Amino acid sequence: MSYFLILLLLTHIDVAKLSGIIHPTSASYVIRAIKQAEDDGAECLIIELDTPGGLDEAMRQITKSILNARVPVIVYVYPSGARCASAGVFVTLSSHIAAMTPGTNIGAAHPVAMGGEMKKEMEDKVVNDAVSYIKSIAKKKGKNEKWAEDAVRKSVSITAEEAIKLNVIDIVADDLPQLLDKLDGREIKLESMIKVLHTKGQEIREIQWTFRERFLSTLANPNIAYILLIIGLYGIILEFSHPGTIFPGVCGTISLILAFYAFQILPVNYAGVALIILAFGLFILEALTPTYGPLAIGGTVSLALGSIMLIRAGIPFLEVSRPVIITVVAVTASFFVFALSMAFKAMRKKPTTGEKGLIGEIAEVRDRIEQGKEGRVFVLGEWWKAESDETIEVGEKVRVVKVNRLILKVERIK
């Protein structure tokens, strides 16, 4: 008896939190959490899940890891208001015990084409593959196979209360303490043994996301990837327009590399990427060879179209949000409108330096100017040789009308 108590005191429960899109980084986190729970002798691993879905390959990595785990894995759709959709349904059904909290829902697991529409034949293949996969999982775990198929084929979605009645999940619990109470004493069939859970009074240890996992998970956000792409291209433009500044080029290059890493995860439409790169190419040409309008306008239109086309997954959570696109395009357009207005003002402004800057200035004759002979004038703090079509006496005020090399052509102010 004392041995059992000591063993009970030494055990604990690991908790992993998975929210947001299911992608390779989140799959890596779950796989690491399962391995850690196995290695540190956890009584079980509870995965708190709140997901709109995600990528098929990442989902399959998670389900395979759960199905072959040497420690009981409980997937708990939590907190209230959370959802378990699309890829999340597969993950939940693959667990040893599936649980939900009131106010959550599960379902809508129909596959969606990433980056464009699928042909009917291809869609049928993808759907049938998903159906056979989810039915095999449901059968292995003793869950409702018919509902699992409908979740894929018909995108049905149900509440926690409906899920327990339809044998989709095993437990409905208000919170984690209540879940632990309901888990206590349950028998879990693992690949090599049957384990009886002892969860009451156990220490809870949360498995944290590492900095690397958090960073890479952030990159998988479509809005972050899009903004990184824009920052990267802006940095390259600044480096081209002001060679040798170094920092914009370095910052832009790093941002572009991170953006293209994220695009490996996201369903990117490369026609959109091409349009965005074209847009910034036009902006670079505008900066190097100002056309005062056409190139900048074409760049703005190309940027808007490319941004809209960039990620076309058919799923809102995998697309760049419209407010972000509108903001980026508006800021870019405003910047170039401002730059062009400054250029037009500079064109209309009278030159203040060089030979052109002297034309129209008022000068004072210091040496008599005779017709056909040069004299000298004082203008803008400098002495200049001057000539005129008329004789002008010393002390008279004249206006500069022309500059011929280093000789000013002047006329008397009338």
Side-chain angles (χ1 to χ4, degrees), residues 16-35 45-69 73-78 82-100 104-115 118 122-123 125-141 143 145 147-157 163 168-169 209 213 216-217 219-222 262 264-268 311 313-319:
K17 296 186 177 182
L18 179 59
S19 61
I21 302 170
I22 293 176
H23 48 72
T25 304
S26 56
S28 175
Y29 165 70
V30 173
I31 293 170
R32 178 174 66 83
I34 292 173
K35 188 176 186 307
L45 171 67
I46 297 175
I47 300 175
E48 292 184 357
L49 182 66
D50 177 13
T51 180
L55 305 181
D56 179 78
E57 184 60 32
M59 174 271 292
R60 289 176 183 264
Q61 290 177 7
I62 294 175
T63 55
K64 184 166 66 174
S65 184
I66 293 175
L67 290 170
N68 293 281
V73 177
I74 292 89
V75 172
Y76 181 34
V77 183
Y78 180 85
R83 58 178 167 170
C84 174
S86 191
V89 179
F90 292 79
V91 173
T92 302
L93 291 181
S94 67
S95 63
H96 298 98
I97 293 180
M100 297 176 68
T104 59
N105 65 283
I106 183 172
H110 187 82
V112 179
M114 297 299 188
M118 284 190 292
M122 180 57 69
E123 183 180 3
K125 288 181 180 180
V126 172
V127 170
N128 289 335
D129 178 66
V131 167
S132 62
Y133 188 52
I134 201 168
K135 285 180 68 177
S136 67
I137 292 174
K139 183 176 181 180
K140 181 178 178 65
K141 296 300 180 179
K143 297 298 191 299
E145 295 180 47
W147 181 89
E149 180 176 356
D150 288 344
V152 174
R153 292 196 186 277
K154 302 178 183 179
S155 293
V156 297
S157 183
V168 175
I169 62 172
W209 287 66
E213 289 167 343
L216 295 180
S217 181
L219 292 182
N221 184 311
Q264 290 182 323
I265 301 172
L266 299 168
V268 174
I311 300 177
I315 315 173
F317 64 82
L318 279 178
E319 295 183 348

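Not measured: the values here are computed from a predicted model. Values below: every heavy atom of this structure, side chains too, minus hydrogens, waters and symmetry copies.
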Flag side-chain contact, heavy atom, 4.5 Å: Val89 against Ile106: yes
Side chain to side chain contact (heavy atoms under 4.5 Å, CB included) evaluation trace for Val168 with Lys143: CA-CA 5 Å; Val168 175; Lys143 297 298 191 299; 5.8 Å; no
Minimum-distance pair of heavy atoms, taken over all atoms of Ala16 and Ala33: CB-CB, 3.9 Å
Side chains of Ser217 and His23 in contact at under 4.5 Å (non-hydrogen atoms): yes
Point-to-point distance, once rounded to the nearest 0.5 Å, from OG of Ser86 to CD1 of Ile21: 11.0 Å
Asp129/Lys135 ion pair, N-O < 4.0 Å: no
Reported OH-to-OG1 distance for the pair Tyr76 and Thr92, which is rounded to 0.5 angstrom: 12.5 Å
Distance in Å, Leu216 CG paired with Ser26 OG, rounded so as to fall on 0.5 Å steps: 11.0 Å
Working for side chain to side chain contact (heavy atoms under 4.5 Å, CB included), residues Leu93 and Ile134: CA-CA 8 Å; Leu93 291 181; Ile134 201 168; 3.8 Å; yes
Salt-bridge present (Glu145, Lys139; N to O < 4.0 Å): no
From CE (Met59) to CZ (Phe90), nearest 0.5 Å: 4.5 Å
Nearest atoms (heavy-atom pairs only) where Val152 meets Ala130: CG1-CB, 3.8 Å
Heavy-atom pair of closest approach, residues Ala138 and Ala148: CB-CB, 4.1 Å
Gap separating the CG atom of Leu49 from the OG atom of Ser95, nearest 0.5 angstrom: 9.5 Å
Leu67 vs Lys140, side chain to side chain contact (heavy atoms under 4.5 Å, CB included): CA-CA, chis, key distance, verdict: CA-CA 9 Å; Leu67 290 170; Lys140 181 178 178 65; 4.0 Å; yes
Distance-only donor-acceptor check, side chains Tyr133 and Thr63, under 3.5 Å: yes
Side chain proximity check, Arg153 to Val131, heavy atoms < 4.5 angstrom: yes
Approximate separation, where rounding is to 0.5 Å, of Leu18 CG and Thr51 OG1: 6.0 Å
Heavy-atom closest pair, residues Ile34 and Ala69: CG2-CB, 3.8 Å
Lys17 backbone acceptor or donor facing Trp209 side chain under 3.5 Å: yes
Polar side-chain atom of Ser19 near backbone of Asp50 as donor-acceptor pair, under 3.5 Å: no
Check: Trp147 and Lys154 side chains under 4.5 Å, non-hydrogen atoms: no
Under 3.5 Å donor-acceptor, His96 side chain and Ile74 backbone: no
Under 3.5 Å: donor-acceptor pair, side chain of His110, backbone of Ser155: no
Whether Thr104 side chain and Met100 backbone form a donor-acceptor pair below 3.5 Å: no
Which atom of Ala98 lies closest to which atom of Ile169, heavy atoms considered: O-CB, 3.5 Å
Ile31 vs Gln61 side-chain heavy atoms within contact, under 4.5 Å: yes
